[in-house]
There are 2 protein chains.
Amino acid sequence: MAHTYEYPRPALTVDCVVFGFDGAGLQVLLIRRGLEPFLGAWALPGGFVHMEEDLEAAARRELEEETGLKGVFLEQLETFGAPGRDPRGRVVSVAYFALVRPDRNPARGDTDASEAAWFPADKLPELAFDHSVILTTALERLRGKIRYQPVGFELLPESFTLTQLQALYEAILGRGLDKRNFRKKLGAFDFVVETQGFAGGSHRPARLHRFDHDKYEALRSKGFLFEL
Amino acid sequence: MAHTYEYPRPALTVDCVVFGFDGAGLQVLLIRRGLEPFLGAWALPGGFVHMEEDLEAAARRELEEETGLKGVFLEQLETFGAPGRDPRGRVVSVAYFALVRPDRNPARGDTDASEAAWFPADKLPELAFDHSVILTTALERLRGKIRYQPVGFELLPESFTLTQLQALYEAILGRGLDKRNFRKKLGAFDFVVETQGFAGGSHRPARLHRFDHDKYEALRSKGFLFEL
DNA sequence: GCAAAAGTGTTCACTCTACACCCATGG
DNA sequence: CCATGGGTGTAGAGTGAACACTTTTGC
């Protein structure tokens, strides 16, 4: 069991593209850098991978340290390793993308620390390093993925109205959808089920629904393909 | 421009899952390891990333060094970094998948060196490290990808018969397709065009076709979605 | 009673699927 | 002339898209 590899090694980081949904538009969680380089610039949350630490675990750890988020949906996106992407030297970054429900979101409305903040996905500031590239990649992935996998539910509260769900799809896909067709298609899948609750407001209350993960898994394992 | 990061760092490698098509089934190119650990075992071609070397460049370099292949279709797959995946210590591997045309394939039928060999994708030997996991991931990705992106052409010669193309799709998707429907759908896309050539054989010659990359790009940029 | 959002069906066009026979060549 | 794979069309079912009005609630 030799201690091999006495070559110089690139440094290894993880970065997270965190998406949220505020009811109207898709949002991205950024942090303000407190260190050089790019001190004061906005950047994706992330940091160095420890020895003996799994990559996804590193992403979750950094996410919690820098934004307080835990237990979110997280999936590997792509690894960015162009020489020169970090002015300090060779740094390779494994990027993840995360989806956060608005109800378990400590950073939302966070004003005491100007360290983490949400930005509309279509109106982002300049970012440190190559983080804009990573972000664009993540957006494309999300747009592609939402069409054939039920990831959208990770951006809504546990129970939601069908109008909210439709607004989410419209925001991500960037185009309007027909209300009756949208609901008809959902009706065909039985993994979106009614709850007993209703949402309030100055108008007719909307029935709340939830995503039934077990029913979805049962269907999917039978070679079922979701498509919206 | 501090020389920061005096932490211990994981070692970084690239590994390539190389797919080929022999006219009947999907194949994977493996190499026999000449070093410990797993000496003599079959493994994915790959190796260490140099400092100052782009990740994809590293994958291409290793591919050429170990199999002689160059200029192939190559795309990043996923990064595997579980602690313990390499008995020598912490090694993180960025996996790529490659598609090679049978006509520019030096390794095919290679018998003098028992170093690289093709295996049917559904009948693989035990592999070193976690390479079986990587391979399974690559297969899933290929199956998913071929349905909405014209990657299949990267596995066929420059010009091919429609029967060959259909056989390829059937091999990857793992089910039979209707000949008339298959050809009807291709006819609707005008990026598969007739050439003047014919394939020989003891029977009626088949018209050769080719993939028109420019026409495809023109369509795709207009928001066109390929689906087979 | 009015403003605001919720909820609900039908028709038409198009796409997908199933299906069987004649054609061109080499031997 | 026969064996082998190449090449072609149609009908019926299913799916996707367009489209407008009634209901329920708070104020």
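First the proteins, then the strands, lettered A, B, ... as listed; each starts at 1.
- Close placement of the Phe160(B) and Phe153(B) rings is indicated, their centers lying within 6.0 Å of each other.
- Salt bridge present: Glu75(A) and Lys145(A) bring a charged side-chain N and a carboxylate O closer than 4.0 Å.
- Here dA6(C) presents its P atom at 9 Å from CZ of Arg204(A), a figure rounded to the nearest Å.
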Please tabulate, one pair per line, all N/O donor-acceptor pairs under 3.5 Å involving side-chain atoms of residues 121-128 of chain A, not counting sequence neighbours.
none

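- Between Arg143(B) and Glu140(B), none of the side-chain N atoms (NZ, or NE/NH1/NH2) sits under 4.0 Å from a carboxylate O, so this pair counts as no salt bridge.
- Residue contacts for Gly201(A): at a heavy-atom cut-off of 4.0 Å it reaches the sugar-phosphate backbone alone, with no base atom in range.
- Ring orientation note: the planes of Phe191(B) and Phe189(B) are close to parallel, at an angle under 30° on the 30°/60° scale.
- Thr195(B) and Ser159(B) are not linked by any side-chain donor-acceptor pair at a separation below 3.5 angstrom, with hydrogens and angles left out of the test.
- Glu56(A) and Arg60(A) are joined by a salt bridge, as a carboxylate oxygen and a charged side-chain nitrogen come within less than 4.0 angstrom of each other.
- The closest side-chain heavy-atom distance from Leu208(B) to Glu158(B) is not below 4.5 Å.
- In this structure, the nucleotide among dT25(C), dG27(C), dG7(D) sitting nearest to the side chain of Ser202(B) is dG27(C).
- Minimum atom distance to the side chain of Ala206(B) is reached by dG7(D), of the listed dG7(D), dG5(D), dA5(C).
- The distance between atom NE2 of His203(A) and atom C1' of dT25(D), rounded to the nearest whole Å, is 9 Å.
- Across residues 174-196 of chain A, Asp178(A), Arg180(A), Asn181(A), Lys184(A) each have a non-hydrogen atom less than 4.0 Å from an atom of DNA chain D (numbered order).
- The stretch residues 156-173 of chain B touches DNA chain D through Thr163(B), each having a heavy atom under 4.0 angstrom from the strand.
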